[in-house]
Amino acid sequence: MTTDRTVTDGGEARSALLVRHAPETVRAAVLTAHGGRAEDHTLSRPWHLAAVRMRSLLRAVGTGLPPDHVLLGEIRYRHRGWNDGAAADDVRRALAELAARHGPVPVVLVGHSMGGRAALRVADHPAVRGVLALAPWLPPGEPTAHLDGARLLVLHGDADRVTAAADSARFVERARAEGAHAGMAVLADTGHAMLRRLPTWHTLAAEAVTDLLRSRPAPGGLVALTTTSDAPAVNI
């Protein structure tokens, strides 16, 4: 176990950004942030199940985007745990690396579980155009004051026994009260791992990311439907 906040591999500092697809000209980016544990200082590795789970989703999202303009990548955490917000710090490091390499391009963050919490924590970053949070871990009291003007969508399964859809709904309500363009969709008969109804998760994620990359959501689309609904969540 290590508690060193500057993690190295082979004596070299680890990048926080793992690029999966980089076009010659990058005009936008989609970055995924996988799940983790509340407290764990062991090294995060790309072959861990939480990271592998998000790889197929990133590929699905990429099929609906122009490959010659949109970079696809993963957040590479230093450690496996949330660790008092260290995971959110890693998202910020990845955004800084992206800007250093490609300049100021709009970014959509897609986070699952702990990754959803991390992505929402940095939703006020100037590069972030939108956040898609999948079955996010949002304990009571999770901050929302920074979300004024943020664009975010939460997808949560009603059979989730790891994180609570009710917590997500309360978070969306509080985010709206702070001025966020926030919406939520509840998927029936699916749980935290997103294995049941996997094609639906992928389809909705691809639609949402494409919509969040736009300056305005498409009329009648999932983002517009959920963010303009009077109810905190719509059922799918």
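Residue numbers start at 1 and run along the sequence shown. All values derive from a computational prediction rather than experimental measurement.
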Pair Thr63, His202: side-chain N/O donor-acceptor within cut-off below 3.5 Å: no

In terms of side-chain heavy atoms, does Arg101 have a donor or acceptor partner in Ser15 at a distance below 3.5 Å? yes

Donor-acceptor under 3.5 Å ([X] side chain, [Y] main chain):
{"X": "His102", "Y": "Ala22", "result": "no"}
{"X": "Asp211", "Y": "Pro217", "result": "no"}
{"X": "His48", "Y": "Arg45", "result": "yes"}
{"X": "Asn83", "Y": "Ala86", "result": "no"}
{"X": "Arg196", "Y": "Gly157", "result": "no"}

Would you check, one step at a time, whether the test side-chain contact (heavy atoms from CB on, under 4.5 Å) holds for Val131 with Arg151? CA-CA 6 Å; Val131 174; Arg151 303 169 68 212; over 6 Å; no

Tell me the closest heavy-atom pair linking [X] and [Y], and the distance in Å.
{"X": "Thr32", "Y": "Met54", "value": "CB-CE, 3.9 Å"}
{"X": "Val61", "Y": "Leu65", "value": "O-CG, 3.5 Å"}
{"X": "Thr190", "Y": "Trp201", "value": "OG1-NE1, 3.0 Å"}
{"X": "Ala175", "Y": "Ala182", "value": "CB-CB, 4.2 Å"}
{"X": "Leu213", "Y": "Arg129", "value": "O-NH1, 2.5 Å"}
{"X": "Ser168", "Y": "His156", "value": "OG-ND1, 2.8 Å"}

Is the Lys NZ or Arg CZ of Arg117 less than 6.0 Å from the centre of Trp82's six-membered ring, within 45° of the axis? yes

Spell out, yes or no, whether [X] and [Y] are grouped together once hydrophobic residues are joined by side-chain heavy atoms under 4.5 Å, including indirect joins.
{"X": "Leu98", "Y": "Val108", "result": "no"}
{"X": "Leu155", "Y": "Leu58", "result": "yes"}
{"X": "Ile75", "Y": "Leu71", "result": "yes"}
{"X": "Leu138", "Y": "Leu109", "result": "yes"}
{"X": "Val26", "Y": "Leu31", "result": "yes"}

When rounded to the nearest 0.5 angstrom, what distance separates [atom1] in [X] from [atom2] in [Y]?
{"X": "Leu120", "Y": "Thr144", "atom1": "CG", "atom2": "OG1", "answer": "10.5 Å"}
{"X": "Asp68", "Y": "Arg27", "atom1": "CG", "atom2": "CZ", "answer": "7.5 Å"}
{"X": "Glu97", "Y": "Arg92", "atom1": "CD", "atom2": "CZ", "answer": "14.5 Å"}
{"X": "Arg78", "Y": "Asp89", "atom1": "CZ", "atom2": "CG", "answer": "6.0 Å"}
{"X": "Glu142", "Y": "Arg170", "atom1": "CD", "atom2": "CZ", "answer": "13.5 Å"}
{"X": "His21", "Y": "Arg59", "atom1": "NE2", "atom2": "CZ", "answer": "14.0 Å"}

Are [X] and [Y] close enough that some pair of their side-chain heavy atoms sits under 4.5 Å apart?
{"X": "Pro136", "Y": "Val154", "result": "yes"}
{"X": "Leu147", "Y": "Phe171", "result": "yes"}
{"X": "Val107", "Y": "Leu95", "result": "yes"}
{"X": "Leu134", "Y": "Met194", "result": "yes"}
{"X": "Val186", "Y": "Ile236", "result": "no"}

Ring-plane angle category for His192 and His112, please: parallel below 30°, perpendicular beyond 60°, tilted otherwise. tilted

Any ion pair linking Glu178 and Arg174 (charged N to carboxylate O, less than 4.0 Å)? no

CA sep, side-chain torsions, deciding dist, call: Arg197, Leu187, side-chain contact (heavy atoms from CB on, under 4.5 Å): CA-CA 9 Å; Arg197 302 187 64 189; Leu187 282 69; 4.1 Å; yes

So does Arg176 have more than 12 non-hydrogen atoms from other groups sitting under 6.0 Å from CZ? yes

Carefully, step by step, assess His79 and Ser44 under the rule side chain to side chain donor-acceptor pair (under 3.5 Å). CA-CA 5 Å; His79 303 115; Ser44 177; over 6 Å; no

Quick one, His34 with Arg80, criterion side-chain contact (heavy atoms from CB on, under 4.5 Å). Give me CA distance, side-chain angles, the key distance, then yes/no. CA-CA 10 Å; His34 63 74; Arg80 300 184 75 177; over 6 Å; no

Name each donor-acceptor pair under 3.5 Å that joins a side chain in residues 224-231 to protein atoms two or more places apart or in another chain, with its distance.
{"residue": "Thr226", "atom": "OG1", "partner": "Leu222", "partner atom": "O", "Å": "2.9"}
{"residue": "Thr226", "atom": "OG1", "partner": "Val223", "partner atom": "O", "Å": "3.2"}
{"residue": "Thr227", "atom": "OG1", "partner": "Val223", "partner atom": "O", "Å": "2.6"}
{"residue": "Thr228", "atom": "OG1", "partner": "Ala224", "partner atom": "O", "Å": "2.6"}
{"residue": "Ser229", "atom": "OG", "partner": "Ala231", "partner atom": "N", "Å": "3.2"}
{"residue": "Ser229", "atom": "OG", "partner": "Ala231", "partner atom": "O", "Å": "3.4"}

Assess the residue pair Met184 and Leu153 against the criterion (side-chain contact (heavy atoms from CB on, under 4.5 Å)); give the C-alpha distance rounded to whole Å, side-chain angles, the decisive distance to 0.1 Å, and a yes or no. CA-CA 6 Å; Met184 177 177 173; Leu153 174 64; 5.6 Å; no

